[in-house]
Amino acid sequence: MPELPEVETVRLGLEPVLVGNRFASVEQRRKDLRFPFPLNFAKRLSGRKVEALDRRAKYLLARLDDGEVLVMHLGMTGRFSIDRANGEKLEPGRFYDEATIAPAHEHVVFHMGDGAAVRYADARRFGYMDLIRQSGLNEHALFKGLGIEPLSEEFTPEWLANRLKGKATSIKAALLDQRLIAGLGNIYASEALHRAKISPYRLAGTIPTKSGKPMPKTIALVKSIKAVLGAAIKAGGSSLRDYRSAEGRPGRFQYSFKVYGQEGKPCRGKGCSGTVCRIVQNGRSTFYCPNCQK
DNA sequence: AAGAACTCCTGTTGGC
DNA sequence: TGCCAACAGGAGTTCT
């Protein structure tokens, strides 16, 4: 569920609670999420200090003082909540009429040295956690094939044109491929294609280059991806059903969706009179405007 | 080898 | 109201 902007928002919320703090104890309430927890997970975390909390693609990386990295992925329904040390409970859904998280879905509780508790709940359990040595992180199976960070300076039209060349899959499917661009998901792929006025059906290989130079569509796509992700982070991510920022405040970017979830509504593209359609590609919904996306 | 289908799991929603 | 199929922000594994 959470894509790059949501994970980044969670990172910003967790950072002041985790960084510089120690794990006093960790409750691990089941042996696995999507994958088994690593051996002696809770024990290995106990007493460790968090030196930094980073993000890579949709992964959160808590760098520990013993050279290990606590790797966390939220899957589709993973969410964190924080009980502050001063006793204040910041429950997800606090600003909503939604029920609180069912206790059965709360799988991990990190008790911090300063008295704060960081809770991880995940109804579908598509999320996962692992402990990996910092020195081998980039060679680890989870990270080895991971693609470029779309907000990095290295992500340029030249780079994208080069990587899309010869691809026979749809551009929508290509944008979801984490080995290519790491962090885009189903919402922002649709939104970026709409901003760039590119049909999700277009074969990725037909977008890129002419005589070695990126075509306008490639330039527009890179610009759109960066813009939509940047704006979403600024808005604190998108809140649909499950996602809340770590403080429990909802994201606001859902109000800026131009196509995602907007089936049947008029296209909000400038000067476009089209209607937003929902189609299915590779088993996933794509929203787009057939009138302005070519 | 690339691309697509299948799979994991639980909860919500919409149609009849 | 009840039931049931469809769908949900991900991505590793298994097929073709």
Side-chain angles (χ1 to χ4, degrees), chain A residues 1-10 30-36 55-60 71-80 92-93 96-107 120-130 140-147 163-192 200-205 228-229 232-233 235-245 250-254 256-257 259-264 278-287:
Chain A
M1 124 190 298
E3 305 181 31
L4 188 155
E6 289 72 40
V7 177
E8 181 61 20
T9 302
V10 171
R30 51 178 300 135
K31 64 175 180 11
D32 60 6
L33 293 172
R34 181 173 187 187
F35 306 119
R55 179 191 58 74
R56 169 75 172 111
K58 300 172 192 171
Y59 294 91
L60 290 168
V71 174
M72 299 174 282
H73 194 292
L74 302 175
M76 289 279 262
T77 51
R79 49 201 277 195
F80 284 100
Y96 279 85
D97 52 4
E98 271 189 10
T100 50
I101 296 163
H105 292 318
E106 199 170 83
H107 306 305
Y120 178 77
D122 189 349
R124 289 175 78 178
R125 301 201 301 277
F126 286 171
Y128 40 101
M129 295 189 188
D130 205 348
H140 190 277
L142 288 177
F143 296 93
K144 196 165 53 182
L146 219 45
R163 293 299 298 269
L164 291 183
K165 224 181 296 171
K167 279 212 157 293
T169 192
S170 70
I171 184 61
K172 165 66 175 352
L175 292 184
L176 288 184
D177 185 349
Q178 301 298 297
R179 296 166 303 179
L180 209 67
I181 302 170
L184 275 182
N186 210 36
I187 291 179
Y188 299 105
S190 277
E191 292 294 323
Y201 282 122
R202 262 183 87 138
L203 296 189
V228 77
L229 292 177
I233 290 172
S238 303
S239 293
L240 299 189
R241 183 160 301 103
D242 300 290
Y243 171 75
R244 298 288 179 274
S245 73
R252 301 176 306 280
F253 194 72
Q254 65 276 18
S256 300
F257 290 168
V259 287
Y260 188 84
Q262 309 300 305
E263 184 182 15
R278 174 185 174 272
I279 60 172
V280 175
Q281 295 179 289
N282 299 74
R284 321 232 19 217
S285 288
T286 302
F287 297 89

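Atom set for the values below is all heavy atoms of this structure, side chains included, hydrogens, waters and symmetry mates excluded. Bear in mind the structure is a predicted one, so any value in this text is a computation, not a measurement. To find a chain, count down the sequence lines: A is the first, B the second, and so on, and within it residues start at 1.
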Rounded to whole angstrom units, what separation is found between the [atom1] atom of [X] and the [atom2] atom of [N]?
X       : N       : atom1 : atom2 : result
N282(A) : dG9(C)  : CG    : P     : 13 Å
D122(A) : dA11(C) : CG    : C1'   : 14 Å
L175(A) : dG9(C)  : CG    : C1'   : 15 Å
K167(A) : dA2(B)  : NZ    : P     : 7 Å
D130(A) : dG12(C) : CG    : P     : 13 Å
L33(A)  : dT10(B) : CG    : P     : 12 Å
N186(A) : dA11(C) : CG    : P     : 11 Å

In whole Å, measure the gap between the [atom1] atoms of [N] and [M] for me.
N       : M       : atom1 : value
dA5(B)  : dC7(C)  : P     : 14 Å
dA6(C)  : dC6(B)  : P     : 14 Å
dG12(C) : dG11(B) : C1'   : 23 Å

How would you label the contact of Y188(A) with the nucleic acid (heavy atoms, under 4.0 Å): base, sugar-phosphate, or nothing?
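Since no nucleic acid heavy atom lies under 4.0 Å of Y188(A), the category is nothing.
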Is R124(A) side chain donor-acceptor paired with the dA8(C) base, going by distance under 3.5 Å alone?
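Counting by modelled atom types and ignoring angles, a donor-acceptor contact under 3.5 Å is found here.
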Assess, by modelled atom type and distance only, whether the side chains of Y128(A) and D130(A) contain a donor and an acceptor separated by less than 3.5 Å.
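Their side chains do not contain a donor-acceptor pair, so the 3.5 Å distance test is not met.
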By centroid distance (under 5.5 Å) and plane angle (under 30°), are F126(A) and dG10(C) in a stacked arrangement?
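The base of dG10(C) is stacked with F126(A) (centres under 5.5 Å, planes under 30°).
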For atom CZ of R179(A), is the number of surrounding heavy atoms from other residues, nucleotides or ligands below 6.0 Å larger than 12?
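Atom CZ in R179(A) is not packed in, count stays at 12 or less.
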For dG9(C), which nucleotide is its Watson-Crick or G-U wobble mate, given both distances must be under 3.5 Å?
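For dG9(C), the partner nucleotide comes out as none, under the 3.5 Å rule.
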If the plane angle is over 60° it's perpendicular, under 30° parallel, otherwise tilted; pick one for F253(A) and Y188(A).
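Tilted: the ring planes of F253(A) and Y188(A) meet at 30° to 60°.
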Indicate the ring-plane relationship of H107(A) and Y120(A), choosing parallel, tilted or perpendicular according to the 30° and 60° boundaries.
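H107(A) and Y120(A): tilted rings.
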[X] side chain near [N] phosphate (N/O to OP1/OP2, under 4.0 Å):
X       : N       : result
R79(A)  : dG9(C)  : no
R284(A) : dG9(C)  : yes
Y128(A) : dG10(C) : no
H105(A) : dG11(B) : yes
S238(A) : dG9(C)  : no
R125(A) : dT10(B) : yes

How long is the span from the CZ atom in R79(A) to the CE atom in M76(A), to the nearest 0.5 Å?
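Between R79(A) CZ and M76(A) CE, I get 14.5 Å after rounding to 0.5 Å.
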